[in-house]
Structure formats: C-alpha cells, structure tokens
Amino acid sequence: MTITFVLLVNRQGQTRLAQYYEYLSIEERRALEGEIVRKCLARSDQQCSFVEHRNYKIIYRRYASLFFLVGVDGDENELAILEFIHCVVETLDRYFGNVCELDIMFHLEKAHFMLEEMVMNGCIVEINKQNILTPIQLMDKSSNPQFKLPLSSSTFSVF
Amino acid sequence: MGSQVGWGTSKEFTDIVKAIGEAKSKAEEERIVTAEIETLKKKIAEPDVPRKKMKEYIIRLVYVEMLGHDASFGYIHAVKMTHDDNLLLKKTGYLAVTLFLNEDHDLIILIVNTIQKDLRSDNYLVCCAALTAVCKLINEETIPAVLPQVVDLLQHPKELVKKKAVMALHRFYQRAPHTVSHLLPKFEKSVCDADPSVTSAALCALFDLITADPRPYKNMTGAFVNILKQVAERRLPKPYDYHGTPAPFIQIKLLKILALLGAGDKPMSDNMYNVLGDVIKKNDTHTNIGHAILYEAICTITSIYPHPKLLETAAEITSRFLKDNNHNLKYMGIDALGRVIKINPEFAEEHQLAVIDCLEDPDDTLKRKTLDLLYKMTRSSNVEVIVDRMIGYMRTINDSHNKTEIASRIIELAERFAPSNQWFIQTMNQVFELAGDLVPTKVAHDLMRLIAEGAGEEDEDADSQLRSSAVESYLQVLAEPKLPSILLQVICWVLGEYGIADGTYSAFDIIAKLCDVIEAHPADDAVKGYAVTAITKICAFEISAGKRVQLLPEYRAVVDELAASHSTDLQQRAYELMTFLDLPADVVATVMPMDASCEDIEIDKSLSFLSEIVETALANGARPYAPEHERMDLGGLGTLIPSTQNGPSSSLKFEAYERPVIPTPVLTPVQPTPLINEFEDQRDRRSLRTPHPSHSISIAPELDLINPESTRLRLDGVQRKWGRQTYSTQSSTTSADRDRSSNGAAGASDRGGSYAKDSGASQYESSRSTDRRKPVEISSEKQKLAASLFGGPSGSRVANTGNAVKPSRTAAHKSQVPRGGEKHQSSRSVPGSGRIADSDTSVPSSAPVPQAPPPDLLDLTDGETGHAAPLNDPFKLLEGLVDPQVGSSSATSAPPVKADVDLMSLYGPGQVISSGDGGSQPSGLTDMSGLPVSPLIGLTGVVVPNTQPGGPSVGKKGPSPQGSLQKDATARQAGVTPTVVNPDLFKDLLG
C-alpha cells in the first residue's frame, strides 16, 4: 500500500521530474525509467492505464506531451492512484495556471514541494489543494515579495 | 520566460533548462548534461558564490542526477544550503539532499544538527521543512536525536506541523519499530484530531500497525466506523472533497483498515455492515474516484465476515465494472471478481463470457490480470484448459520476469492438479520449450523423478507405459531445431534410462540420437555430459543383456573427442563409457543394473575403509583432521570456502603464509602423496586469489540443505578454478587402493579393474541411496498427502487464500461436482493422444466455460488425487545433487532404508572427486558435479590401464586422450610445482 515512485516523463522519454520513495541507485533508476517509459509509450489510449513491470505496478496518465507515472507495490487501489495523478495535475495547474512542461522544468523545486506535501512515506496524505499550496505560496511571498508566476503558451492542461 | 525578477532565474539557468528541454534525443541530452557537469564542477567550487546563484547550481545538480548522472561532487553544497536562513533556500537545500542522499549516506550526520535546530524554529514553515527532511533522511541511529522534538511537535498549534510530525513518527515506525513502540498511542490520539489532514496522516500510520497485527486495534473499530460515517455523510470541509466525492483517500484508507479489522471476526464485522452500505449508497457512480471507492468497498466486504446483502451488492458492482467498456474498470472488475468468487463461487458463472473476453483482449495488462484470476480459480477439473491458456500466453511474451512468473505458476498448477502423468510430462515439455533456462533446475529433476517413480502404485504396466510415451514424445521433441539446455538434459536422461526399455527402439537408434545431441550442442557441457552418460547406460544395458556392443566408428569418434575434452567431467564420463565396453556382462550388470535408479544402496557412513590410510598417515607425522571452522584460521585454506560464508579470508592477506610442516616422507605402498600434491598445488595457487563468488557458491547452498553443519571440505570452487586434474597412475593407484580397502570382502582374488569397479559401483550406488531414501519412504504417503502438505509452492498460497470465508463451501461443491466429473472424463477418454487439453475444442463459448467453474482453493482432495510431485519435498533436492542420471526406478521395488545412513559420509569421498571433475561447469550443473563421485575412484584405476595400451580408439579423431592427459600434466608442472605435502589436507580427504 505504498507509492514507490512518481515520475514525469515526456514523450521523448526524457525525465522531467523523479521522486523515489525507496532507494535506488542512479543506474537502477535510469534502467527502470527507460524500461517503463518504453512500455507505457507503446500502449494505446483504450488500454488500461495500468502496467505491470517487474515487481511494480505502474499507473500512468498522459497529459499532452507529459506522462505522469506512479509506481506502487502490493495491493494498491489502481483507480484511486489514477485519480491521485489527476489531483497532482490539478494542483500544479492551480499553482502555475495552465501548467506546461516548461513550468515544471523552470520550477522543478516547486513541483517537488507540492509533491512533498501530497505524498509522505509513500502514502497519500493530502489532496486538499489549499493545504498543499498555502505553505508554498507563503514561502514565495516571504522569500520574494515580487514573485510572479510565469506565463507560458504551450499548455498541456486538459481542463 | 523572461518575467522572473528578484529570485527569478538567471539567463544561464534559463539557457541550460531550455537546452535540456529542447534536446531532441537522449544522446543530445547526454551531451548537454556531460558538459553541464564540467561547468558545475568548476563553478560550484568557486569561493563566495552568491546564495541565489548557489540555489541555481543546486537545482542544476538535481537535473544532472535526474537525467541519470552522478552529481556527488556537489552534495556537500546542498548540505550547506540547508543551513541557510532564507526559507526557500533552506527548503531547496533539504529537497536536494533528500533527492541525492539515502538514509545511510555519510553526509546525513552533517544535517542532523541543522534538522534539530529547525525543528525548534519559531517559523512553522521551517519546522515543516525539517519534518519533511526527517521523513527521508533520518535513519535508525539518528532517530533518538530528533525524536523528542518530533514528539513535541505533535502538540503544535498548526495542523500542517502536526500532520507532518505524525508522518515523521510513522517513518520512524517503518524504519525501526522498536524506537517508537512507546509512542504508538499517539497515533490513536491523532486519528481523532479535529483536523482531517492530521486524521488522514494518522490513518496511514495505523494502517501499517494494523497490517502488522490487528488485535490491539480491534477496540478502535467503532472509531474508524464513525470517522468513515462522517466522511461519507460529507461532514468534512469542502476543500477536502475531490470532484464532489468527500475525502476519497481517507475513505479508502478507512475501508482498508476495516477490512483488516473485520477479517474473520463476526462481532467486529457486525459494526461495519451499516457504514459499508452507506458508503456504497452515497457514492457517486459516475466518476473514477467513485469507482475507486466502490472497488475498495468490495475488497472490504469480501474480506470481513460475509454479509449476504452486502455480498449481493458487491457482486452487482462487480458486474457493472465487468460490463463497462472502459478497460480500467474491466481490470478492476476482474480483480473484484476474484475476490467475490472466493466467497461465492457460483457468481463466476454469470461472468464467464466477460472473463473470456478479457482473456482474449489484446491489452496485455488485462490479459495478465485475467490469468491471475484463472490461476486462483484453478482446480483439477479445469487445470488443463487454464494451463493451456497460460502456455498460449507464454508464447506471446518476451519479458523474462513475466515469463518466469507464468512458468512457475504453470508448474505449480501442473504439480497440484495434473490429471495424469502423461499430461504433466507434456506440459512440462512445453514449459521447458518456452521458458527454457528460466525454469529452475529442480523442476527438471522433479520431472525425471516422476518418470522414474511413476505413479508409485503397484502398477508397473502403467509406469512403463508412461516411460514409453515419454521416450516417444522426447524423440519427437528432439527433432526440433532449438531446445533449451535443461530440456535436453531431461531428454538425455530419459533416453538413457528408458530409451530401449520397451524394445520399440534399438540401442543403435537411441545411441545415434544421443550422439546427434552431442554433436549439435558442442558448447553445452551439461548436455554433453548427460548424453554420454545416457549412451553409457544404453551400452551397459545391452552388455548386461549379453549382447556384444560395438560403437560405430563415428560414434566412437564422438566419445573420443569427449575423452579429450577440456572438461574433466566429460572426460570422466567418456572414459567410463569406454571402460564399460570392455567389461564382462556380469560386472556391467552389477554396476549398471537396468531400471535401478530408485534402488537403495548401503553406505559405510564412518568411512571405516579409510581408517587404515588415516592411521598410516598419522603415523607418518600428518596432523589430525581439523574441522572446517578450525581450518578457517589456517591461512590460505580459508579461501576454499565460498566467500559469502567466509568474509574475512576474502580480503587481502598481508602476512606471509605460514610455512607448511613437512611430514616425514611417506613411503608406504599406499602412496597418497602424489594425489595430495595435486590438491596442495591447486590449493596453493588458489589461495593467492580472492575466491570467485560466482562459482564457489554453486554447490554449497544445496548441500547445506542436507546437512547444514557438515564440515566437509569444499573443493568444488578449487576445481572450477583450476580445471582439469590429471589421471595420473599414482592418483589412480591411490583411489583404487582406497577402494580396495573400502570393500569389506577380502577380495584379494579379484584383480584390478573389475574389482575396483565393483567397489566403485557400490559407492556409486551408495551415494545415491541417501538421497533416494527419503523420497522412497515418502512415496506411499505422498499419494495421500501430496499437494496438501508438500503441495509445491502452492502450499503457502493455499494457506493464504485459505482464510477466504467458508460458509458457502458446500454450495461450491454442489455446483462443481458434476461439471468437474464430466470434464475429467472427457479428458481421460483420450489418453496418450499428445495434448490432452486442446484450447480450441475445450473452450467453446456456448458450452459451460471451463474457466468459470467455481474455485475452491480449500479443496485439498484434488491435490491428493492429482499426481502432483510435491515441490517442497526437500529430499528431492538431494536427487539432483548426487546423481540425477543414474537415479530412477519404480518406487515399488525400493527396499526400506537403514535409518542410520549418514548423508555426511557421502560428501567425504565425494568432495575428493568432485575436485577432479566439473572443469568449466556453469553453476547450474551442480547436480552433475556430484555424479561421478565414486566411480572415479573406482574407474580411474581401470580406465588408465585400459586406454593406455593403445586403448581401442587412440588417434581416430581429435587429440588422443593420453596425449591430452600428458599435456595436462605438463601444464600443471609448468605452474606452481608443489614441493611439500599439506598434512591437513591429507586428513581432510580421508576424514
């Protein structure tokens, strides 16, 4: 009942965000990411959003060019994880406003902060967007009163 | 992206991120990152880097690692950044550290102090940052350093902090439960917190605790039910909703907890029925998240004590999932179906077609899930169809992890439910063909054993029929171009044992086939070994039958080539064969009795026949035998033991080696010295190297199964390293002599060859008896207990699934019995017709679909009637160890075994010899290296004289065996020339 990793990968198989909740060496991560992405990219939209790979079950969801992949172990409720991914995207979207791949790239740490609020010890602890974003926004304010969110044209939002 | 001001990004950072983002290929990305690493190495080390700049560097480091490169050169800067006063910088520092370091990294210790300070901070956001870091960075040793502060923070006025403090405690529990064992009530308190996010965090922790042991938390059932009720009734604030569903993840967590608490507990379950009904009723059935909760509710309903009404609802929802077009829902439906039919097997019938559809769906995930379901539903009535499906699926996949799993499941099902031995053999053949070397060797040995022992009943006819059909099918299989090594080994063994048993095939035919195998697989020593031994057996059977056997020149050439092989194991086998050809019929009949692989052999466990030699050696100044653990201290000897068990000796040795004690010259007629010299020689050289874990391990684990404390000498590793051993006259004299003394009878009248042969054989046999004896004892009981107790790997599974609640079991039986019987008959009606279960005919969509029959995993009777070969039988492991090739026979004729036989003694002499074979064997062949154990002792004395005087074949093809031996000896001489005898070793060999 735990999430073992959260990955954001684009269609070229380039990693855009990676958070592991169990330790894997760089080489292991690299190999794992390559294999998983290859598997998921090969699947059609009609097929299940779940893939089994080695000992992991991977639940993935595609938003425009970006794949969100969550690896879980054991008896996890796949549908719930699928919705969790959507919740992550909504949260990113609320923070960045029409979030796109570049937003995440330029503000990698912010995306990580949000994820840190949502998942701890591999468990989903928060989906209340207010609770997730408040500390980050407070921090933005305290660190930089002029902080403005970047605007971008290429969005992958589906809302 | 130019809108950033203040703490916004610099142009340099923007450029690099853009470059990475625009990289068109992995290779381009690689180039950018490699260049980036060089830049960062320089820049990050510059003095007085502005903090804001450093933050960018740190994030660039994160990129470097994320894209698969090492950024360890910058870790320390990330650690430094955690000290920063600016919250954003501090948090970035913590983030980088959590991404870079795992809990056991050396740098962690540098952060603990910062974390301690931050946990006491007035700024609650700093506390949060520190708590987040605590969850990822604190290891068992550092828990006490932060524990008091974390506990204090449980009382923090801010919910955010409280929540994170709970999660930190949860993490401590995950890492080291004992460190927080006194704090567990804190979770119970937190779960009742007014703030839903704190509750949610506490539920995560409680879920882990209850999974570990639900009993102490039974009294909290009411509280959980209450929370769930409130959540379902939308009492939580709006922001906790997700798409209109109230706090779905809290609901799911609670449902999971209730499932654990209510499992098999009626009073507890009684409290839950209402709320479960509410959850289902109040749920939105049009969203994914609603479905997720419904699915979880099904899981709970099927886990707790069953409630008919709720079960009905669960079944209804499952049907809805299965009928949906959405593949995700179908997937969940298949899973739910598996759960529902555990309790109500009749429910499956309704959904047969849906299941078949999913099974035939092109979507691999769905197909796999369906096979999972079928696997759980398997019983003897449907095993053929299901296994057939699985085999069909196996054909379509390449992923070896997946393949291994499916193969092991097929093997498990086949062993548990096989309707006939014939079917079992066919199935195993297919598994070997498809999964090849992914199949564990043990399965091959089980298969051989099954063929050897037959049904174990007093029905020799059936057994021999089985064997004939095995021979028949294997001869067909051999025609296929590419076969996995393991299947070839089985084939060779079966052909050797039973190829000519029923008279259908002549020895000539079989030998021709076996020679073809040898020639077709020049690189596979294991197969060649099995094949040549099979030829030996065929020849031996012919000779004992009084026929004159003469190998055709071309076959002779094949054998000669093997005799000159680099593998000493193959050499030995080839020499054995040649020897047999020249022996009188009565001797051969004694040494290689027909169909005697299950016979028992007496062994001399005290090795008393060696005591004379030991005494002589002691008298000549040899040191007494020292058991393995004492020898560990003795320098180079330690390296003989596989490195895993012998950590220290695998490290470098700095002191000079102890000067070996030179014993007084041994001039007895026994003359063991030359042999010893060789080992000494090998050992000396060996000790200069670190042991090779890859092969030094190979035999040990299996041997340990037999006798964990055995203090035998392990020369296997040595031999593998140092290859061939010369069959010098001296060494053979020694072994022959030893054999002579081994034979209790005076035997002076017997001359050399045949004599040694005899004793060799008796040892040979004896080596097998020990491993045979247990299976034999069991075989009668096996029929009764088979799958239930030893029932293969399924044993645990049965136990697992066994907690499925049983009330409707009788119903299951009612519905099953007729269909099961029917099915059985139809399959039995075509015995011996190749594949019994044909998917095309047996899965007509109109007929009652065989997949559907309700499973009853508790039904052990099936396992008993099935001819399952119990996988767990530890004694079967032995079979492979000593000699899978010789071993076999009908279980019926096996005489009882003496109880005092000691396995240990097997390995005494065995080790000596196994050092002489094995050469380049891969680790999978450990069973083979055990094989030639005693025969070597017996045969070498014979072989050499026989082959030396222009042995029948010298110089026909390939190098002459004698030449190769000489070359070998020369090569050996060119190495380290042994100058002294190691008295310890000497005793090891004899002790």
Side-chain angles (χ1 to χ4, degrees), chain A residues 1 12-19 23 26-27 29-30 33 43 46-54 75 77-80 82-84 86-87 101-102 105-106 108-109 112-113 116 120-121 123-131 134-135 138-140 142-148 150-152, chain B residues 1 3-7 9 14 17 20-21 23-26 29 59 62-63 65-70 86-88 91-92 95 102 125 128 132 135 160 163-164 167 170-171 174 197 200-201 204 207 239-240 242 248-249 252 256 288-289 291-292 295-296 327-328 331-332 363 365-366 368 401:
Chain A
M1 172 68 197
Q12 284 77 47
Q14 295 159 318
T15 312
R16 291 295 168 245
L17 181 148
Q19 176 66 272
Y23 180 74
I26 295 179
E27 291 72 35
R29 292 176 186 202
R30 220 180 154 153
E33 287 168 24
R43 295 174 64 82
Q46 281 76 45
Q47 296 184 325
C48 305
S49 314
F50 321 130
V51 179
E52 278 174 51
H53 180 73
R54 297 206 223 147
D75 283 334
N77 187 325
E78 290 91 346
L79 271 184
L82 195 64
E83 286 310 289
F84 168 71
H86 193 69
C87 186
E101 190 177 329
L102 276 181
M105 290 192 75
F106 281 108
L108 188 63
E109 77 279 13
H112 268 293
F113 293 158
E116 277 181 352
M120 290 181 88
N121 310 340
C123 302
I124 299 167
V125 287
E126 192 69 81
I127 57 153
N128 179 339
K129 296 183 189 76
Q130 217 170 292
N131 285 357
T134 311
L138 278 176
M139 192 166 59
D140 288 340
S142 73
S143 300
N144 172 27
Q146 295 101 29
F147 179 81
K148 273 189 205 154
L151 295 170
S152 179
Chain B
M1 301 301 302
S3 62
Q4 287 84 6
V5 275
W7 288 100
T9 48
T14 315
V17 172
I20 293 171
K24 287 281 169 291
S25 63
K26 260 287 185 232
E29 187 185 280
I59 295 184
V62 171
Y63 264 103
E65 285 239 318
M66 185 174 82
L67 297 173
H69 295 262
D70 177 55
N86 181 295
L87 178 60
L88 181 59
K91 211 162 154 49
T92 308
L95 171 71
N102 70 329
L125 290 176
C128 286
T132 311
C135 286
L160 193 60
K163 174 180 84 179
K164 290 190 189 251
M167 289 314 283
H170 175 221
R171 182 66 192 155
Q174 286 179 330
S197 60
S200 158
C204 294
F207 175 74
Y240 288 94
Y242 174 83
F249 291 93
I252 288 170
K256 278 187 194 290
N288 256 344
I289 195 68
H291 291 139
Y295 164 78
E296 204 59 57
H327 271 66
N328 289 340
Y331 177 94
M332 302 310 272
D363 184 345
T365 308
L366 198 53
R368 242 173 106 173
H401 182 271

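Below, read A as the first sequence line, B as the second, and so on, with proteins coming before strands; counting in each chain starts at 1. Given the structure is predicted, the values throughout are model-derived calculations rather than measurements.
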query = Taking C-beta and beyond as the side chain, do Cys204(B) and Val125(A) meet within less than 4.5 Å on heavy atoms?
reply = yes

ask   = Does the side chain of Glu116(A) come within less than 4.5 Å of Lys91(B)'s, by heavy atoms?
value = yes

Measure the spacing between [atom1] of [X] and [atom2] of [Y] and express it to the nearest 0.5 Å.
{"X": "Leu108(A)", "Y": "Tyr63(B)", "atom1": "CG", "atom2": "OH", "answer": "5.0 Å"}
{"X": "Thr365(B)", "Y": "Gln47(A)", "atom1": "OG1", "atom2": "CD", "answer": "7.0 Å"}
{"X": "Ile127(A)", "Y": "Tyr240(B)", "atom1": "CD1", "atom2": "OH", "answer": "10.0 Å"}
{"X": "Leu87(B)", "Y": "Met139(A)", "atom1": "CG", "atom2": "CE", "answer": "5.5 Å"}
{"X": "Leu160(B)", "Y": "Thr134(A)", "atom1": "CG", "atom2": "OG1", "answer": "8.0 Å"}
{"X": "Asp363(B)", "Y": "Gln46(A)", "atom1": "CG", "atom2": "CD", "answer": "10.0 Å"}

As an exercise: rank [options] by heavy-atom pairs under 4.5 Å with chain A and give me the winner.
{"options": "Lys24(B), Met66(B), Lys163(B)", "answer": "Met66(B)"}
{"options": "Ala201(B), Pro248(B), Ser197(B)", "answer": "Ser197(B)"}
{"options": "Lys26(B), His69(B), Glu65(B)", "answer": "His69(B)"}
{"options": "Met167(B), His291(B), Gln174(B)", "answer": "Met167(B)"}
{"options": "Thr92(B), Thr132(B), Asn288(B), Leu366(B)", "answer": "Asn288(B)"}

Where do [X] and [Y] come nearest, in terms of heavy atoms and distance?
{"X": "Ala23(B)", "Y": "Gln14(A)", "result": "O-NE2, 3.0 Å"}
{"X": "Asp70(B)", "Y": "Ile26(A)", "result": "CA-CD1, 3.7 Å"}
{"X": "Asn77(A)", "Y": "Ala292(B)", "result": "ND2-O, 2.9 Å"}
{"X": "Pro135(A)", "Y": "Leu125(B)", "result": "CB-CD2, 3.5 Å"}

Pick one of side chain, backbone, both or neither for [X], based on which atoms fall under 4.5 Å of a heavy atom in chain A.
{"X": "Cys135(B)", "answer": "both"}
{"X": "Arg368(B)", "answer": "side chain"}
{"X": "Phe249(B)", "answer": "side chain"}
{"X": "His327(B)", "answer": "both"}
{"X": "Glu29(B)", "answer": "side chain"}
{"X": "Met332(B)", "answer": "side chain"}

Could you tell me which of [options] has the largest number of non-hydrogen atom pairs under 4.5 Å with chain B?
{"options": "Gln130(A), Lys129(A), Arg54(A)", "answer": "Arg54(A)"}
{"options": "Gln12(A), Glu27(A), Gln19(A)", "answer": "Gln19(A)"}
{"options": "Met105(A), Arg43(A), Glu33(A)", "answer": "Met105(A)"}

request  = May I ask you to decide if the ring planes of Phe50(A) and Tyr331(B) are parallel, tilted or perpendicular, using 30° and 60° as cut-offs?
outcome  = tilted

ask   = Which answer fits Arg16(A), side chain, backbone, both or neither, if we ask what part of it has an atom under 4.5 Å from a heavy atom of chain B?
value = both

key: Region of Leu82(A) in contact with chain B, defined by heavy-atom distances below 4.5 Å   = side chain

